[in-house]
Amino acid sequence: MNDSEMRRRELLRQTRKLYDDRKEIPAVHPRYGRICQDLYGSKDSERESSGGTFYLRLVVSILCFVCFVYMEQSDAEVARVDSTAIVNQIEREIDIDAEDIIEAWKSL
């Protein structure tokens, strides 16, 4: 083996080491990120993942629903609004033109 062949093999080994995919998590869809972290491990595993607001929104929506059911069952009225007014507002159709939307965005 001559010097140029040894040099080429060394450069090839360095290049393979530089671009080795086995050390890093491959690019995957975020939905499957946890699976890949379990398989390959993660460099930033000690970093906390943000929890999001799903459970907070779920609790608020359940609380609103329970309050609505209570208002419906007991015929309660809060701030001169009863359950019938809430249902009417939910069912009301809104007729908005595209020009009104554009004008509202421009005013912001």
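These numbers come from the heavy atoms of this one structure, side chains and all, not from hydrogens, waters or symmetry mates. Values in this document were obtained by computation on a predicted structure and should not be read as measured data.
Nearest heavy atoms, M71 versus I86: CE-CD1, 4.1 Å.
Around atom CD of Q14, more than 12 heavy atoms belonging to other residues, nucleotides or ligands sit under 6.0 Å away.
Sequence neighbours left out, the pairs with a member in residues 67-91 that pass side chain to side chain donor-acceptor pair (under 3.5 Å) are E72-S83.
Between E10 and R13 there is a salt bridge, since a side-chain N of the basic residue sits under 4.0 Å from a carboxylate O of the acidic one.
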Could you walk me through whether R8 and E5 pass the side-chain contact (heavy atoms from CB on, under 4.5 Å) check?
-> CA-CA 5 Å; R8 279 184 273 154; E5 188 176 337; 4.1 Å; yes

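Note on I62: it clusters hydrophobically with Y55, by side-chain heavy-atom contacts below 4.5 Å among ILVMFWY residues.
Counting heavy atoms from C-beta outward, K106 and E103 have side chains that stay 4.5 Å or more apart.
Atom-to-atom distance recorded for S107:OG and I102:CD1 is 12.0 Å, nearest 0.5 angstrom.
Residue F65 shares its hydrophobic cluster (ILVMFWY side chains chained together at separations under 4.5 Å) with V69.
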